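Report on the structure given below.
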Amino acid sequence: MSNIATSSGGLDTANGKAWFTQDRFGMFIHFGLYALGARHEWLKNREEFTTEAYQKYFDNFDPDLYDAREWARRARAAGMKYVVLTAKHHEGFCLWDSKVTDYKVTNTPYGKDLIGPYVEALRAEGLKVGFYYSLLDWHHPDFPIDTHHPQRNHPDAAKLNEGRDVSRYAQYMRDQVTELLTDFGKIDVIWFDFSYPRRVHKGLPGKGRADWESDRLIKLVRELQPDIIVGDRLDLPRDADHMPDLVTPEQYTPRVAPSVAGLPVRWEACHTFSGSWGYYRDETTWKDAGQLINILIDTVSLGGNLLMNVGPTGRGTFDARAITALDTYGDWMRLNGRAIYGAGPSAYKAPNGCRFTQKGNRLYLHVQTWPFRHIHIEGLGRKVKYAQFLHDASELHWLDPDAEVDSNIGVAVGEGILTLELPVMKPDVVVPVIELILKD
C-alpha cells in the first residue's frame, strides 16, 4: 500500500501519527448522564425530553465506583492500545471541569473531574489517549433546534430558535476544545461527531462546516496538538488536496478499504458490543465471540483499525457482559496478536471462509470457517518455507504442486496452489490463525 502525506492528513507514516496503523485496536467509551436512563445514549432525543425533564439524571449522577485505572487495565488486557472517551456527547454534559459551562461533572453529586484520572490511568498502562467531542449539544442555549434536537417536534420550535446564535456556540466549542487540548498534556486522537448539512426537518436546517466553523476549529486543533489524529466528521472537503486524518465507518465493515479520490486513507471502523453505545440495561443483541473476533480480523485484513465500544454503568463500572466480551478479545489477542499488531492487507487472495493479514514475510491465515482436512490457497505454491498454528506454534504440513500423492486418496494440488493439511477437529480457539513464513 502506498503512502501519502498532505498538510491536512492522509495516510502519512513518517510523523507522530504512524503509531495508529501499528496499534490496530482501540477502545471507545461512551459515558454520560444517559447511563442512568440505561436505555440508549440518544435517550434525550428519542423520548424528546425537555431540558427540565432531563435534569433528573444530572441531579443523580454519582459514578462512585469509577476507577480509571480499572478501565485502563481492562483495555490493555483486552489487547487494546488506545482509548477514546466521550468528553462531551450530544446531551452537552461535560466530564471535565470546563470553565465555560455549569453543565459539567463537577456540579453533580459526584463532584469530581473524570477526565484527568482517565488520562493519567491510560498513560500509566502505556495506552494512547483519545477524546470524543460532540458537535451537537442539546443543552446549550445557542444550539439551534434541528432534525436531531429533542425539541424538533415542539409546535413552537421555530420560535424557540429565535435569538439562538450558532456562531456563539461555535466559539463555545473552540473554548472547550482548547481546554481539552491544553489541560491534559499530549492527546493522540480527537473525534468530532457529527455533521448533517442536508438533513432538514419541518423547515429546520441541518448543520455542517459553516455552523461548526470547521476550518477555524481544525486549525485550532492542529496548532494545539500538531500530531493529533482528527476524525473526519467535521464536513470538511474530501479530495486529493484535503485528505482526512481518519475515515470512520460506523457499525459496519467496509467491503473494500475506504479511499478518498482513489487514494488510500487511514481508517477505523467503530463498533459496539451490543446495539447501543451508552449503557443499555435491557439490550439483547450482544455479539458472540466469533462475531467479536471476526470484526477485528475483517477490519485489519482491509488495512483498518477497530475501535470497539464499552458503555459503563451509571456507577462507573463495566458490566459483566462487557467484561466477558473484553475477555474474549484478551484471550484471543494474547495468542494471536502478532497477526494484528503492525499487520495489514496482503496481496494474496484468501480462500473462502478465511482472511489474510500480513507483516513482512509472515502471512497470517485467519480460518473463520473451519474446513474438513484441507485448505487450498492460490498463488502460494512453492512459496512457503514453514507453517504453524499461531496459538501454540504447532507445525502444519502442506502440499505443493509437485507433491507426490496417492491417485486414489491423495489430494490433487493444482499448479500455483498450496494445500494445507489440517486436523479434523478445530483447535480450541475462537478463530484459529495459521502463520505461513514465506521464502525470501
Side-chain angles (χ1 to χ4, degrees), residues 5-6 8-13 15-31 68 71-72 75-76 78-89 94-96 114-116 118-135 173 176-195 212 214 217-234 236 243-250 258 265-272 277 296 299-300 303-310 340-342:
T6 72
S8 59
L11 191 62
D12 37 15
T13 59
N15 60 18
K17 303 171 186 178
W19 64 269
F20 190 82
T21 51
Q22 171 67 34
D23 287 359
R24 285 301 184 205
F25 190 27
M27 176 184 283
F28 219 169
I29 302 178
H30 276 64
F31 191 43
W71 287 12
R76 182 177 59 79
M80 293 152 165
K81 299 292 188 179
Y82 60 102
V83 183
V84 178
L85 171 65
T86 53
K88 185 197 81 167
H89 201 255
C94 300
L95 299 187
W96 78 101
L114 290 170
I115 294 289
Y118 155 81
V119 171
E120 292 175 9
L122 293 193
R123 292 190 180 128
E125 294 294 334
L127 304 175
K128 295 289 195 302
V129 180
F131 292 144
Y132 167 113
Y133 184 87
S134 174
L135 301 169
M173 287 200 296
Q176 289 205 318
V177 169
T178 297
E179 292 177 344
L180 288 170
L181 299 188
T182 57
D183 294 351
F184 300 102
K186 179 175 172 55
I187 306 303
D188 301 288
V189 181
I190 190 164
W191 259 70
F192 291 111
D193 193 30
F194 60 96
S195 300
W212 317 134
S214 295
L217 181 56
I218 199 164
K219 180 181 178 183
L220 172 69
V221 169
R222 299 207 185 282
E223 288 173 352
L224 296 174
Q225 298 272 353
D227 289 333
I228 200 168
I229 293 173
V230 185
D232 65 337
R233 300 188 177 189
L234 282 165
L236 289 166
M243 297 296 288
D245 281 352
L246 184 65
V247 174
T248 57
E250 179 174 333
V265 290
R266 185 187 296 106
W267 66 277
E268 173 187 70
C270 56
H271 287 264
T272 54
W277 299 90
L296 175 61
T299 301
V300 177
N305 284 28
L306 175 63
L307 191 64
M308 182 58 76
N309 182 75
V310 178
I340 298 296
Y341 303 128

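Note that the coordinates shown come from a computational prediction; the quantities given were computed from them, not determined experimentally.
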- Contacts of Asp188 meeting side chain to side chain donor-acceptor pair (under 3.5 Å) (sequence neighbours excluded), chain-then-number -> none
- Query: Is a side-chain N or O of Arg233 found less than 3.5 angstrom from the main chain of Thr248, in a donor-acceptor match?
  - Reply: yes
- Message: Working to the nearest 0.5 angstrom, can you tell me the gap between Glu268 CD and Asp232 CG?
- Response: 10.0 Å
- Task: Check the pair Ile218 / Phe192 against side-chain contact (heavy atoms from CB on, under 4.5 Å), numbers first and verdict last.
- Result: CA-CA 10 Å; Ile218 199 164; Phe192 291 111; over 6 Å; no
- Note on the structure: So salt bridge (charged side-chain N to carboxylate O under 4.0 Å, His left out) across residues 79-88, not counting sequence neighbours, yields Lys88-Asp137
- If we only count heavy atoms from C-beta on, is the Met27 to Trp71 side-chain gap below 4.5 Å? no
- Query: Phe31 versus Val310: any side-chain heavy-atom pair under 4.5 Å?
  - Reply: no
- Task: List the steps and the verdict of side-chain contact (heavy atoms from CB on, under 4.5 Å) for Asp183 and Ile115.
- Result: CA-CA 10 Å; Asp183 294 351; Ile115 294 289; over 6 Å; no
- Message: If we ignore hydrogens and angles and just use 3.5 Å, is the side chain of Gln225 paired with the main-chain N or O of Val189 as donor and acceptor?
- Response: no
- Task: Taking all heavy atoms of Ile228 and all of Leu181, pick out the closest pair and write down the distance.
- Result: CD1-CD2, 3.9 Å
- Message: Using the rule given for side-chain contact (heavy atoms from CB on, under 4.5 Å), can you reason through Ile340 versus Leu296, listing the C-alpha separation, both sets of side-chain angles and the distance that settles it, and then say yes or no?
- Response: CA-CA 8 Å; Ile340 298 296; Leu296 175 61; 4.2 Å; yes
- Note on the structure: Here the pair of heavy atoms bringing Val230 nearest to Arg222 is CG2-NH1, 4.1 Å
- Task: Please examine the side chains of Leu180 and Ile187, heavy atoms only from C-beta on, and report whether any two atoms are closer than 4.5 Å.
- Result: no
- Message: Under the criterion side-chain contact (heavy atoms from CB on, under 4.5 Å), I'd like the reasoning laid out for Trp191 against Leu307: C-alpha separation, chi angles, the key distance, then a yes or no.
- Response: CA-CA 12 Å; Trp191 259 70; Leu307 191 64; 3.9 Å; yes
- What's the shortest heavy-atom distance between Thr178 and Leu224, and which atoms? CA-CD1, 3.8 Å
- Message: Quick one, Phe131 and Tyr118 - any side-chain contact, counting heavy atoms below 4.5 Å?
- Response: yes
- Query: Closest approach of Ser195 and Trp212, non-hydrogen atoms and distance?
  - Reply: OG-NE1, 2.9 Å
- Message: To the closest 0.5 Å, what do you measure between CG (Leu127) and CZ (Arg76)?
- Response: 7.5 Å
- Looking only at heavy atoms, the pair that brings Ser214 and Leu234 closest together is OG-O, 2.8 Å
- Query: Could you give the distance from CG (Leu246) to CH2 (Trp267), rounded to the nearest 0.5 Å?
  - Reply: 10.5 Å
- Query: Does Thr299 reach the main-chain N or O of Ala269 with its side chain, forming a donor-acceptor pair under 3.5 Å?
  - Reply: no
- Query: For Asp23, what residues pass the salt bridge (charged side-chain N to carboxylate O under 4.0 Å, His left out) criterion, not counting sequence neighbours?
  - Reply: none
- Heavy-atom nearest pair, Arg123 first then Gly185, reads NH2-C, 3.5 Å
- Task: Could you tell me the separation between the NZ atom of Lys128 and the NZ atom of Lys186, rounded to the nearest 0.5 Å?
- Result: 8.0 Å
- Looking at residues at least two apart in the chain, or sitting in another chain, which of them share a salt bridge (charged side-chain N to carboxylate O under 4.0 Å, His left out) with Glu179? none
- Message: Restricting to ring pair (Phe, Tyr, Trp, His ring centres under 6.0 Å), what partner residues turn up for His30, sequence neighbours left out?
- Response: Phe28, His89, Tyr132, Trp277
- Side chain Arg24, main chain Gly303, donor-acceptor under 3.5 Å: yes
- Find the distance between CE (Met173) and CG (Leu217) and round it off to the nearest 0.5 Å. 6.0 Å
- Message: Would you say Asn309 and Thr272 are linked by a side-chain donor-acceptor pair, where the criterion is simply a distance under 3.5 Å?
- Response: no
- Message: Going by ring pair (Phe, Tyr, Trp, His ring centres under 6.0 Å), name the residues that satisfy it together with Phe20, two or more places apart in sequence or in a different chain.
- Response: Tyr82
- Query: Which value, rounded to the nearest 0.5 Å, describes the distance between Asn305 atom CG and Thr21 atom OG1?
  - Reply: 7.0 Å
